[in-house]
Participant: 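Following this message is one structure expressed as structure tokens.
Numbers restart at 1 for each chain; the letters A, B, ... are given by sequence-line order, proteins then strands. Quick caveat: nothing in here was measured; it's all calculated off a predicted structure.
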Protein chains: 2
Amino acid sequence: MASIKDIAKKAGVSISTVSYALNGSPKVTDETCARILAIAKELNYVPNAAARSLKKKESKIIGAFLPDFSGGFYGDLLQGMKGTLIQKGYDLVVCSGPQSHRLLAEKLFDGALILDHTFSDEQLLNFAELGHRLVVLDRELKHPNINHVLLDNKAGASLAMEYLIDLGHRKIYVVTGPEGSYDSKQRMAAVRQTVERNSDVECIEISGDFNRTGGERAGKQIAAEFAGPVAVFCLNDEMAIGMYDYISETDLEMGKDIHIIGFDNIELSEYIRPRLATIDYSKKKWGSLASEQLIKIIEGKPVENERIYVTLVKAESVKPV
Amino acid sequence: MASIKDIAKKAGVSISTVSYALNGSPKVTDETCARILAIAKELNYVPNAAARSLKKKESKIIGAFLPDFSGGFYGDLLQGMKGTLIQKGYDLVVCSGPQSHRLLAEKLFDGALILDHTFSDEQLLNFAELGHRLVVLDRELKHPNINHVLLDNKAGASLAMEYLIDLGHRKIYVVTGPEGSYDSKQRMAAVRQTVERNSDVECIEISGDFNRTGGERAGKQIAAEFAGPVAVFCLNDEMAIGMYDYISETDLEMGKDIHIIGFDNIELSEYIRPRLATIDYSKKKWGSLASEQLIKIIEGKPVENERIYVTLVKAESVKPV
DNA sequence: TTGTACGCGTTATCAC
DNA sequence: GTGATAACGCGTACAA
């Protein structure tokens with residue numbers, strides 16, 4: 001690997017001259033500058049990332065942390081992040097898994113976008129206290145180095161519940177997310193509020209995990225207890241798909257015996273039959289907005305906590321009772 | 001950010017002693033070692049990644065390069081990579097987009113896994129020549145620092161074509177990938193070979209792009225020319241889905257007028273109706289094997305170019321003629 | 001206009 | 001067992 005030193009030697013100048021030339025400083029003759037640039041190109045010179053970040057204390061890289069790489073959920077989100085970050089001169093890398101927490105700790109990134117429940121609140125606050133700039137998408141955290149950009153979970157959950165109720169459903173199962181999930185908690189709060197306002201509605205909670213298997217398990221329970229048409233609000237689409245998978249192997253029929261609505265509007269929801277009713281929001285905009293906020297924090301500009309709006313997607317998985 | 005220097009000061013020892021203690025050298029008293037470790041913990045000390053890679057010339061990070069974050073294609077692949085890399089003491093980060101090429105050039109990673117047509121062969125060979133260790137999943141490249149782990153494209157394409165032919169189809173459209181795609185070229189070679197061996201088969205090539213829109217366009221053309229049942233081999237599932245989307249808006253029926261087979265067995269293929277016939281392979285194993293090869297190159301061990309085997313998935317999107 | 005010298009945080013090689 | 005000290009590659013005041 002050619003370094004600045006090699007160029008200096010070959011050009012017969014000092015390393016500082018080379019540095020100036022490469023950084024376009026006006027302190028160097030156009031002539032020598034051109035010569036140095038030519039030699040740099042010839043030697044395939046690329047500045048070493050480690051050395052530069054060590055000196056400048058910035059890497060121009062942002063890390064996005066996700067619990068896993070699976071599913072159609074994260075694609076648009078990351079696309080949104082990448083777009084605005086590149087525009088601001090940053091690169092994006094995506095990390096997953098508890099091991100990868102090291103990368104955040106070691107200050108490899110100028111900032112991080114967190115949508116990853118495997119981080120604890122304490123960890124993140126600790127990172128922030130040590131000077132890391134964060135934007136969290138899956139919790140609320142109060143710290144000058146942290147901003148949050150969150151879904152309007154309550155509006156979404158209310159929309160879903162009211163849709164079911166408006167269509168005449170009175171027995172409603174709700175499949176929750178994993179213990180401790182902020183999104184799940186928020187959605188459940190709205191669910192319970194809605195149920196309180198509708199005293200004739202019977203609401204049965206089943207604990208889930210936001211994964212397909214959780215939806216299957218819930219489907220199994222519902223099928224076992226089946227005694228007439230019911231509605232189900234799965235707190236995310238992934239679980240709704242799992243429930244489809246299970247129910248399709250029974251005598252029960254989606255959109256007739258079991259009326260189901262999800263949350264997230266992932267790509268698959270559009271293709272399964274009957275199409276899954278769900279709550280939609282722009283994942284791309286979410287990623288984009290979060291990235292904008294992060295850059296603002298890094299640049300020391302004022303930020304406000306933003307919210308992503310949601311809409312109801314009606315579909316054949318829910319019919320009037 | 002607490003550095004090794006801060007610890008040294010607080011412990012009243014030199015920085016080298018601290019370094020020894022932190023790296024568990026036996027050359028330091030258990031007593032002082034314990035004291036230093038305690039102070040390190042107290043100060044939230046984390047070694048600085050930039051400084052360490054600058055000195056050790058390794059980062060213990062592997063980069064995976066993809067053309068985009070979209071679709072259900074990459075999830076399992078990345079999961080496979082992550083699993084074996086972590087086991088070997090490396091972390092994985094995922095990069096996408098032409099901007100991110102910088103990260104590779106700047107030696108941020110100890111090695112990279114490439115499945116990204118936005119790199120040219122020359123670029124990659126150039127990187128290899130400069131000492132970067134690469135494993136490519138989407139082309140063949142001959143260089144001591146490069147290994148390739150490829151799909152058995154020819155077997156897959158032959159399986160698909162023979163399946164159609166065995167079921168009596170004689171008019172077969174083939175929708176190709178984008179210009180220059182290695183996978184597309186390999187698959188097309190096998191397609192043409194199969195056609196040559198079956199002189200009564202009429203094969204019509206339509207150029208595609210491996211994206212949904214390409215499948216839609218091809219569907220449009222096929223519908224316009226429609227004059228009786230035809231079979232279609234889409235060189236990947238994504239285009240097959242696009243074709244479904246288009247055809248479903250016409251009077252034509254999948255699995256009756258249009259018999260279609262894809263390649264990749266992405267998640268969606270299992271859920272669309274009729275289920276898509278396709279070519280399957282373990283994406284997880286692919287990622288895992290590629291990672292193993294990369295680590296071997298980095299550690300200077302001998303490698304062989306591996307191949308990923310494929311199987312035929314029969315389904316209702318293809319019926320006998 | 002160019003060269004010298006130092007610092008960034010870490011590791012490694014020496015003396016002591 | 002411990003402590004200076006040089007080196008990694010780059011950036012930048014400051015001196016020449």
Participant: Could you list the donor-acceptor pairs under 3.5 angstrom formed between side-chain atoms of residues 57-65 of chain A and any protein atom two or more places apart in sequence or on another chain?
Facilitator:
residue	atom	partner	partner atom	Å
Ser59(A)	OG	Ile61(A)	N	3.3
Ser59(A)	OG	Leu108(A)	O	2.9
Ser59(A)	OG	Asp110(A)	OD1	3.2

Participant: With nearest nucleotides of DNA chain C determined for Thr17(A) and Lys5(B) from heavy-atom distances, which residue corresponds to the more 5′ nucleotide?
Facilitator: Thr17(A)
Participant: Taking five pairs at each end, how big is the angle between the two axes of the helix from dT1(C)-dA16(D) to dC16(C)-dG1(D), to 10°?
Facilitator: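 Comparing the axis at each end, I get an angle of 50°.
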Participant: Compile the donor-acceptor pairs under 3.5 Å between side chains in residues 4-11 of chain B and protein atoms, sequence neighbours left out, one pair per line.
Facilitator:
residue	atom	partner	partner atom	Å
Asp6(B)	OD2	Ser3(B)	N	2.7
Lys10(B)	NZ	Glu42(B)	OE2	3.2

Participant: If every non-hydrogen atom of Leu130(B) is compared with every non-hydrogen atom of Met1(A), which pair is closest and at what distance?
Facilitator: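 Closest heavy-atom pair between Leu130(B) and Met1(A): O-SD, 3.2 Å.
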Participant: Need to verify one output field. Residue with the more 5' nearest nucleotide on DNA chain D, Leu54(A) or Ser14(B)?
Facilitator: Ser14(B)
Participant: Run the salt-bridge test on Glu31(A) and Arg35(A) with the 4.0 Å N-O cut-off and return the result as yes or no.
Facilitator: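 No.
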Participant: How close do Lys82(A) and Phe69(B) get, heavy atom to heavy atom, and via which atoms?
Facilitator: CD-CE1, 4.0 Å
Participant: Are the side chain of Asp209(A) and the backbone N or O of Asn211(A) linked by a donor-acceptor pair below 3.5 Å?
Facilitator: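 At least one qualifying donor-acceptor pair exists.
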Participant: Mind telling me whether Phe127(A) and His132(A) have parallel, tilted or perpendicular rings, with 30° and 60° as the class edges?
Facilitator: perpendicular
Participant: Atom pairs, N/O to N/O, protein against nucleotides 12-14 of chain C, distance under 3.5 Å?
Facilitator:
residue	atom	partner	partner atom	Å
dT13(C)	O4	Tyr20(B)	OH	3.3

Participant: State whether the side chain of His143(B) and the backbone N or O of Asn145(B) hold a donor-acceptor pair below 3.5 Å, judged by distance alone.
Facilitator: yes
Participant: Which is the 5'-most and which the 3'-most nucleotide of DNA chain D that has an atom under 4.0 Å from a heavy atom of chain A?
Facilitator: dC8(D) to dC14(D)
Participant: Which residues, if any, of residues 28-53 of chain A bring a heavy atom under 4.0 Å of DNA chain C?
Facilitator: Val28(A), Thr29(A), Thr32(A)
